[in-house]
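As C-alpha cells, the structure follows; a few thoughts come after it.
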Amino acid sequence: MRNFKSFRLVIALAATVLSACAGNRAAPEMEVNALGMHMVRVPAGEFMMGNRFSVDEMARDFPAIERARLTALRDERPLHAVRITQPFYMEQHELTVGQFRRFLAASGYVPESVADGTGGYGYRRDYDPSRTARGDAFEGRDPRYSWQNPGFAQGDDHPVVNVTWNDAQALASWLTRTEGVRYRLPTEAEWEYACRAGTTGYYPHGNDRAVLAQTANTFDRAAAPLWPQWQATATPGNDGYTFTAPVGSFAPNAFGLHDMVGNVWEWVSDFHGDDYYARSPVDNPQGPETGSVHVRRGGSWHTWPVYARCGFRNWNTATTRYTLVGIRLVHELRAGER
C-alpha cells in the first residue's frame, strides 16, 4: 500500500514563480502531500479584520445593490485588529475533484451527499427558481446531484463541490493520521488574513470590481445569461468560465494562494456569531464557542461582486452541501518547526 507520509518539498510552480518575479517578491515556500495538495507556508502577522468601508462608500462602489443589503452587513463590523501568532500551511488551491476522489478511495469515507441518500444541489437548464417555494438558484436536494455531479461538467482539476463541513472534517482527520501533522479547516481569522495577504481593499487586487473578471471566477457576463433576473449584479467583463474553473486559472495573491475569492466558497472552522467581532480577542481568534451554523468564505463562480469580498461572511449548517461550496484546508507546523 502506498506510503501516505508526506514528502516535504520546497517548490514553486512555474506560474507562481513567474507571478512572484513579476511582482518582485519571493516565490512561496511549499510542500506537497500524498493527495497532491500543494501547501503554502503563510507567515505569522497582523491585520485589520472586517469591513473598513461605510454604507455610503459601498453604495457608491456597488450601485446595483439595494441599500438594505448593504446595511445588513453588520456582522462584518467593527473593524478590529487581529494577530496570527504562528505560521501555518494553507492549500495553494481549493481541493480538487481528483484529490477528493483519491481521499475517498484511500480512506473508504462516504461523503454525506451519498451516505444520507438525499444528494446535493445542481444546475439544470430548464429549472426555474421563480416556480419553487425557496426560490433557490439551483435544484436540490436531489440524489442525482453530489460531489460527482453538480449539474455541469468538471474535470479532476476543478474544485470539488457539494461537500459538507463534516466532509471537510473527515478529510482533515484522515490527513492528520496519515501525514503525521495536524490538518484542519482554517479559522475565519486565518482565512481572511490569508485572503488579504497584506492588502486592505475589497479584493486581494484592490477595490475595482471591474477588474474582478481578470482576477477571479465570479458571477460575470459568462454566467449571467443563465440567470437573467440577476444580470445587473454581474461582474463587468467575462472571466471565461460559466461554471467552475480549473484551480489556479487566475494569478495568486501576495502569499501565493489562488482563488481566495471566487470559484467556490470555502468552509472555515468557526461558528458564526453576528456580534463576535465586537468581543473577538486580538490573538488567534477561534470564533464563538457554540453555534448552529459554520462560516464559509470567499464567494464562488455564482457570487455577485459585493459578496465576493475578502471581508464578507456567509454561513450554513455542518450538513449543508451545495453546488457552490468547496474545501481549502490548512495544516499546523510540525514539532520543532518555526
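By convention here, the first residue in the shown sequence is residue 1. Hydrogens, waters and symmetry mates play no part in the numbers below; they use all other heavy atoms, side chains included. From a predicted model like this one, the values you see are computed outputs, not experimental measurements.
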Between [X] and [Y]: side-chain donor-acceptor atoms closer than 3.5 Å:
X      : Y      : value
Thr164 : Asn166 : no
Arg209 : Thr218 : no
Asp167 : Tyr109 : yes
Gln99  : His93  : no
Thr176 : Ser173 : no
Asn33  : Tyr89  : no
Thr85  : Asn284 : yes
Arg141 : Thr118 : yes

[X] (side chain) donor-acceptor with [Y] (main chain) under 3.5 angstrom:
X      : Y      : result
Arg52  : Thr200 : yes
Asn162 : Tyr322 : yes
Tyr121 : Gly151 : no
Ser146 : Gln148 : yes
Gln286 : Thr187 : no
Glu91  : Leu329 : yes
Asp259 : Phe250 : no
Trp265 : Thr303 : no
Asn253 : Pro204 : no
Tyr183 : Leu171 : no

Using the rule that two of Ile, Leu, Val, Met, Phe, Trp, Tyr join whenever any of their side-chain heavy atoms come within less than 4.5 Å, decide whether [X] and [Y] are in one cluster.
X      : Y      : value
Val40  : Val247 : no
Val261 : Leu257 : no
Trp267 : Val161 : no
Val211 : Trp304 : no
Tyr145 : Leu104 : no

- Message: Against the six-membered ring of Tyr277, is Arg313 placed for a cation-pi contact (under 6.0 Å from the centre, within 45° of the normal)?
- Response: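 Yes, cation above the ring, under 6.0 Å and within 45°.
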
Run the ring-centre check on [X] versus [Y] and record whether the distance is less than 6.0 Å.
X      : Y      : value
Tyr241 : Trp301 : no
Phe271 : Tyr276 : no
Phe312 : Tyr307 : yes
His158 : Phe243 : no

Heavy-atom check, side chain of [X] versus side chain of [Y], under 4.5 Å:
X      : Y      : result
Phe47  : Met49  : yes
His302 : Trp227 : yes
Arg196 : Met48  : no
His205 : Leu212 : yes
Val293 : Asn316 : no
Glu332 : Arg184 : yes
His331 : Leu175 : no
Glu190 : Val42  : no

- Query: Which heavy atom of Gly120 sits nearest a heavy atom of Ser113, and at what distance?
  - Reply: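 Closest heavy-atom pair between Gly120 and Ser113: N-CB, 4.4 Å.
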
- Message: Are there over 12 heavy-atom neighbours, none belonging to Arg60, within less than 6.0 Å of that residue's CZ?
- Response: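 Count over threshold, so yes.
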
- Message: Around atom CZ of Arg131, are there more than 12 heavy atoms from other residues, nucleotides or ligands closer than 6.0 Å?
- Response: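 Count not over threshold, so no.
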
- Message: ring pair (Phe, Tyr, Trp, His ring centres under 6.0 Å) for Phe100 and Trp147? Distances and angles first, verdict last.
- Response: CA-CA 9 Å; Phe100 193 65; Trp147 70 274; 5.3 Å; yes

- State which residues pass salt bridge (charged side-chain N to carboxylate O under 4.0 Å, His left out) with Arg69; sequence neighbours excluded, sorted by chain then number.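 For Arg69 the salt bridge (charged side-chain N to carboxylate O under 4.0 Å, His left out) partners, ignoring immediate neighbours, are Glu66.
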
- Set of residues satisfying salt bridge (charged side-chain N to carboxylate O under 4.0 Å, His left out) with respect to Asp56, sequence neighbours excluded: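 Partners of Asp56 under the salt bridge (charged side-chain N to carboxylate O under 4.0 Å, His left out) test: Arg67.
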
Mind checking the [atom1]-[atom2] spacing from [X] to [Y]? Nearest 0.5 Å is all I need.
X      : Y      : atom1 : atom2 : answer
Leu185 : Gln169 : CG    : CD    : 5.0 Å
Asp220 : Gln231 : CG    : CD    : 11.0 Å
Met90  : Arg41  : CE    : CZ    : 14.5 Å
Ile327 : Trp165 : CD1   : CH2   : 11.5 Å
Cys195 : Phe255 : SG    : CZ    : 10.5 Å

- Between Val181 and Met39, is a side chain to side chain contact (heavy atoms under 4.5 Å, CB included) present by the stated rule, with each step listed? CA-CA 12 Å; Val181 62; Met39 307 298 295; over 6 Å; no

- Parallel, tilted or perpendicular: rings of His272 and Trp315 (30°, 60°):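 Parallel, since the angle between the ring planes stays under 30°.
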
- Task: Could you check whether the rings of Phe138 and Tyr123 sit parallel, tilted or perpendicular, using 30° and 60° as the cut-offs?
- Result: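 Perpendicular, since the angle between the ring planes exceeds 60°.
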
- Any chance you could lay out the side chain to side chain contact (heavy atoms under 4.5 Å, CB included) test for Met37 and Glu179, step after step, and finish with the verdict? CA-CA 12 Å; Met37 295 159 58; Glu179 298 282 326; over 6 Å; no

- Item | Thr233 vs Ile65, side chain to side chain contact (heavy atoms under 4.5 Å, CB included): CA-CA, chis, key distance, verdict | CA-CA 7 Å; Thr233 66; Ile65 304 302; 4.2 Å; yes

- Query: After noting the C-alpha distance and the side-chain angles of Asp142 and Arg124, does the key distance pass the salt bridge (charged side-chain N to carboxylate O under 4.0 Å, His left out) rule?
  - Reply: CA-CA 12 Å; Asp142 191 305; Arg124 198 186 79 207; over 6 Å; no

- Query: Salt bridge between Glu266 and Arg297, side-chain N to carboxylate O under 4.0 Å?
  - Reply: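 Here Glu266 does not pair with Arg297 in a salt bridge, since their nearest N and O are not under 4.0 Å apart.
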
- Task: Enumerate the residue pairs fulfilling ring pair (Phe, Tyr, Trp, His ring centres under 6.0 Å) with a member in residues 58-78, sequence neighbours excluded, ordered by first and then second residue.
- Result: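 Residue pairs passing ring pair (Phe, Tyr, Trp, His ring centres under 6.0 Å), neighbours aside: Phe62-Tyr202.
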
- Task: Would you please test Asp136 and Tyr127 for side chain to side chain contact (heavy atoms under 4.5 Å, CB included) and show each step?
- Result: CA-CA 10 Å; Asp136 199 287; Tyr127 168 78; 4.1 Å; yes

